[in-house]
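Notes for the one structure printed next.
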Amino acid sequence: TVNGLVDALVWFEVQVNGAVIEDAMVCASRGENEVLMFYDPKGGVFGERPSDGILKAWELKLGLNEVNISKLRDARNKHSGGTVTTASAEKSDEKAGGSTVHGAETTFGLFLYPLYTKFAVVDIDGTITISDVRGYVESVFLGMYTHVHEGVVRFLKVLEENFGYSLIFLTSRPLAHQEETRLLLANARDFDLDVNGKKCIDHTLQISRSPLFVNLKSVTKAVYGEVIAKSSGDFKAGVLKAVTNVFAAAGRFGAYEGSGHGGSSGVGVTKTKAQKGDSVFHLGVGNKDTDMIAYYSAGVPDGRLLFVDSSSSIRLWHPSAELVGSLREGG
């Protein structure tokens, strides 16, 4: 039940990796305000975040989980108060001449990782694409995905398969262009040589689907922050801190007060507690100083900060003594 004054209830059906989980989510609205809630059938209660019980019921697997959420029914309540249940809301809907709604849906990926996963965070514009502006315009507005650094797809595959990194993509692109950015990652390809020695696109390799974090600001504000204000580093540092907090809440740094800054440790070693100074992020790849500063601030150690230039070359980026001192003082 949902208590209080409610104008409408919209129930959703959730499918996780093809398995149907009915009535897992509900959206309650009152005027212009809407609250999305998750329903825990065992406790019979709603919450603004999925509980452990709900997530266990979804039977998530490690890595990528395909989630599909579709509108199951639209239940309108015309009463001025009291308790609204699914059944009473449906009856009110029938009296009001409403109808059950099907078809509205959305899909997304939900990623599950072990507690001590080591991540490589990768920028997109100028890092996967050769240049910021052309790569952005071609992929977003022209649907072209060829303006990428030669060898970048193989490089990312080596990070995953040879070094055991899980990738996270972080970009200042706005939320409005998230889908176009996913298409870029899905369609980026390296070149290979055919039997005649001519360059041809290698369709056998592609970038693995991984979490993508974009700027939640509008297109205008995102572009202003990236191009004019040069404040994209603040946005990226904030995202990395939020990701770190998720792992901290799960107990990765439970043995210590705060994670601090430091290198990765115990690579390939089974650990019951994170070692002091451990970081969620073990490698950072970008094409701007602001990227590097954000990565270093998030705990990527000196020596694992990779700077990509316009000639498709990679070099190590080292933090300045001023930056190191500032971070030590809490700056």
Side-chain angles (χ1 to χ4, degrees), residues 60-65 108-125 127-128 152-173 178 181-182 185 188 206-215 232-233 235-254 256 258-271 273-288 290-308 314 316-317 319 327:
L60 301 176
K61 63 181 182 180
L62 286 177
L64 171 63
N65 295 268
F108 58 90
L110 180 62
F111 294 86
L112 178 66
Y113 293 103
L115 188 59
Y116 295 106
T117 299
K118 58 177 186 178
F119 288 100
V121 56
V122 183
D123 176 52
I124 292 179
D125 290 304
T127 304
I128 291 178
V152 67
V153 179
R154 283 186 177 83
F155 170 68
L156 295 177
K157 296 298 286 185
V158 166
L159 292 182
E160 287 184 300
E161 298 175 1
N162 293 37
F163 292 92
Y165 289 108
S166 293
L167 303 180
I168 282 184
F169 293 99
L170 181 57
T171 176
S172 296
R173 292 184 176 196
Q178 181 185 48
T181 305
R182 287 200 179 280
L185 295 176
Q206 65 183 71
I207 299 173
S208 300
R209 186 172 171 189
S210 304
L212 169 64
F213 293 93
V214 298
N215 200 326
S232 63
F235 152 71
K236 293 178 179 178
V239 171
L240 298 180
K241 181 179 180 181
V243 174
T244 298
N245 288 342
V246 171
F247 282 85
R252 179 161 176 161
F253 311 107
Y256 303 99
S259 60
H261 180 88
S264 62
S265 53
V267 177
V269 178
T270 301
K271 300 182 291 183
K273 290 291 185 181
Q275 297 183 22
K276 189 175 182 180
D278 187 27
S279 171
V280 174
F281 307 102
H282 288 225
L283 186 77
V285 189
N287 73 309
K288 301 185 195 66
T290 52
D291 294 337
M292 301 293 105
I293 293 172
Y295 300 161
Y296 185 73
S297 301
V300 177
D302 187 10
R304 292 190 181 179
L305 297 159
L306 304 183
F307 192 97
V308 182
I314 299 177
L316 285 177
W317 184 94
L327 290 175

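Counting non-hydrogen atoms of neighbouring residues, nucleotides and ligands closer than 6.0 angstrom, the NZ atom of Lys241 reaches no more than 12 such neighbours.
Between the NE2 atom of His282 and the OH atom of Tyr295 there is a distance of 15.5 Å, given to the nearest 0.5 Å. From Thr171, atom OG1 reaches atom CG of Asp123 across 6.0 Å, with rounding to the nearest 0.5 Å. Rounded to the nearest 0.5 angstrom, Lys157 NZ and Asn162 CG are separated by 10.5 Å. To the nearest 0.5 Å, atoms NZ (Lys118) and OG (Ser166) are separated by 9.5 Å. For the atom pair CG of Leu170 and OG1 of Thr127, the computed distance is 10.0 Å after rounding to the nearest 0.5 Å. One finds the CD1 atom of Ile128 at 10.5 Å from the CG atom of Asn287 (value rounded to the nearest 0.5 Å).
Across all non-hydrogen atoms, the minimal contact from Ser208 to Glu160 is OG-OE1, 2.9 Å. Taking both residues in full, the closest heavy atoms of Gly303 and Leu316 are given as O-CD2, 3.3 Å, listed atom of the first, atom of the second, then distance. Among all heavy-atom pairs drawn from Gly284 and Val300, the shortest one is N-CG1, 3.7 Å. Summarising the geometry of Leu115 relative to Ala250, their closest heavy-atom pair is CD1-CB, 3.6 Å, with the distance given to 0.1 Å. When all heavy atoms are compared, the tightest approach of Pro319 to Leu305 is CD-CD1, 4.3 Å.
One N or O on the side chain of Arg252 and one on the backbone of Ser279 form a donor-acceptor pair closer than 3.5 Å. A donor-acceptor pair is defined here as one N or O able to donate and one able to accept, closer than 3.5 Å; no such pair exists between the side chain of Arg182 and the backbone of Arg209. The backbone N or O of Thr290 sits nowhere less than 3.5 Å from a side-chain atom of Lys236 that would complete a donor-acceptor pair. Tyr296 places no side-chain N or O within 3.5 Å of a backbone atom of Asp302 that could act as its donor or acceptor partner.
Here the rule is side-chain contact (heavy atoms from CB on, under 4.5 Å) with Tyr165, and of Leu156, Leu159, Val122 only Leu159 fits it.
A heavy-atom distance below 4.5 Å is not found between the side chains of Leu240 and Phe213. Residues Val243 and Phe281 have side chains in contact (heavy-atom distance under 4.5 Å, counting atoms from C-beta outward). Using a 4.5 Å heavy-atom threshold, the side chains of Phe307 and Asp291 count as separate. You'll find the side chain of Leu212 reaches within 4.5 Å of the side chain of Ile124, heavy atoms only.
With sequence neighbours excluded, the residues forming a side chain to side chain contact (heavy atoms under 4.5 Å, CB included) with Ile314 are Phe155, Leu306, Val308, listed by chain and number. Residues meeting the side chain to side chain contact (heavy atoms under 4.5 Å, CB included) test with Leu110, sequence neighbours left out: Trp58, Leu60, Asn65, Val67, Phe108. With sequence neighbours excluded, the residues satisfying ring-ring contact (aromatic ring centres under 6.0 Å, His included) with Phe119 are Tyr113, Phe247.
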Practice task
Report the C-alpha separation of Ile207 and Phe169 in whole Å, then their side-chain angles, then the decisive distance to 0.1 Å, and conclude whether the side-chain contact (heavy atoms from CB on, under 4.5 Å) test is met.
Solution key: CA-CA 11 Å; Ile207 299 173; Phe169 293 99; 3.5 Å; yes
